[in-house]
Number of protein chains: 2
Amino acid sequence: MSVEPDEAMVCTAMGDILNRIGDKWSVMVVGRLKGGTMRFSELRRAIDGVSQRMLTLTLRNLERDGLVTRTVYPEIPPRVEYALTELGQTLTGPIGALWDWAAEHQDAISQSRTSYDRAQMMAHEPIRRRA
Amino acid sequence: MSVEPDEAMVCTAMGDILNRIGDKWSVMVVGRLKGGTMRFSELRRAIDGVSQRMLTLTLRNLERDGLVTRTVYPEIPPRVEYALTELGQTLTGPIGALWDWAAEHQDAISQSRTSYDRAQMMAHEPIRRRA
DNA sequence: CAGGATCCAAATAGATACTG
DNA sequence: CAGTATCTATTTGGATCCTG
């Protein structure tokens, strides 16, 4: 299962895909839909911070990529339900791994950031004797 | 290993981390450094399409997050080597999983995109009888 | 309810020129 | 060689208004 084909081709296509599946909102949506079908407004409320526009765009892209299905019920008021496709389901594995990694190491990362920033400060505001 | 703590907090911190590790160039760099230490210009050539500025920024961020080390050799001409830290090494697992997923399903995705786009065309340029 | 359309502010990326 | 600094072009995202 190694990945070694033609470098350039893979990298551009891959960057393309990674941009989508590594996207913040996409990850959130997939994470949410993992639990089952959801309506637009449910997702909007569940995902905290997402704007209507971004949620719409994210869902459209995921649909376009074949990762989620969009089902419109011709009622009034309208109801639209989103769910993961089989392909989308297979993504929850890798995404979950990344998620777990982030959860596990977020403390280490934020500590690293703090000390890095402190070191930068030192380098730029060097001498400061007394006040 | 499940992840269920306070939703909002986790999501914002997580989105932050995911933006970094899901970033196109970061993934490329980590993928490259997996094979061992590399110099700046080696990375630049290896990563096809990355600008000098983006590579610099990416490497700085990865360094700040404690994922790569930056070693400067005070020579002329200067030599700078980058390598994964232990923390960085642990990322290669999840990243690899994502990479493999993308490699495995990129055909399905691009097909899905094509048919989605074709369907969109149909919907917007509906009737077109003869020429 | 579930968006589409529009406007605008901010973040981001590329190209270019310069430096120790 | 390995950057930094700067300028600009493009992308992105939020806010707002409107509709079936």
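Lettering of chains follows the sequences in order, A, B, ..., and the numbering in each one begins at 1.
Regarding contacts with the backbone of dA2(C), a side-chain N or O of Ser41(A) is found under 4.0 angstrom from either OP1 or OP2.
Around atom CD of Glu75(A), more than 12 heavy atoms belonging to other residues, nucleotides or ligands sit under 6.0 Å away.
Protein atom CZ of Arg44(A) is 11 Å distant from nucleotide atom P of dG14(D), rounded to whole Å. Here dG4(C) presents its C1' atom at 11 Å from CG of Leu57(A), a figure rounded to the nearest Å. Atom CZ of Arg70(A) is separated from atom C1' of dC1(C) by 12 Å (rounded to the nearest Å). For the pair Gln52(B) CD and dA2(D) C1', the interatomic distance rounds to 7 Å; values are reported in whole Å. Counting to the nearest Å, the P atom of dA15(C) and the CG atom of Leu55(B) are 14 Å from each other. Straight-line distance from the CH2 atom of Trp25(B) to the P atom of dT12(C): 16 Å, rounded to whole Å. For the pair Arg53(B) CZ and dG14(C) P, the interatomic distance rounds to 9 Å; values are reported in whole Å. To the nearest angstrom, C1' of dC8(C) lies 13 Å from CE of Met54(A).
Summarising the geometry of Pro94(B) relative to Leu98(A), their closest heavy-atom pair is CB-CD1, 3.6 Å, with the distance given to 0.1 Å. Here the closest non-hydrogen pair linking Ser112(B) and Asp65(A) is OG-C, 3.3 Å. Residue Val50(B) comes nearest to Arg44(B) through the heavy atom pair O-NH1, 3.2 Å, listed as atom of the first residue, atom of the second, then distance. Considering all non-hydrogen atoms of both residues, Trp101(B) and Ile17(A) come closest at CZ3-CG2, 4.4 Å.
For DNA chain D, none of the residues of residues 61-69 of chain B falls under the heavy-atom distance limit of 4.0 Å. Contacts between residues 72-85 of chain A and DNA chain C, defined by a heavy-atom separation under 4.0 Å, are made by Pro77(A), Pro78(A), Val80(A), Tyr82(A).
Backbone-only engagement by Arg39(B) is indicated by non-hydrogen atom pairs under 4.0 Å involving sugar-phosphate atoms exclusively.
The CG atom of Leu43(B) sits 6.0 Å away from the CG atom of Leu59(B) when rounded to the nearest 0.5 Å.
Residues Tyr73(B) and Thr71(B) meet the side-chain proximity criterion, which asks for heavy atoms closer than 4.5 Å.
Judged by distance alone, the side chain of Thr85(A) and the main-chain N or O of Gly66(A) form a donor-acceptor pair under 3.5 Å.
Ionic pairing of Arg79(B) and Glu81(B) is present here: one or more N-O contacts between side-chain nitrogen and carboxylate oxygen are shorter than 4.0 angstrom.
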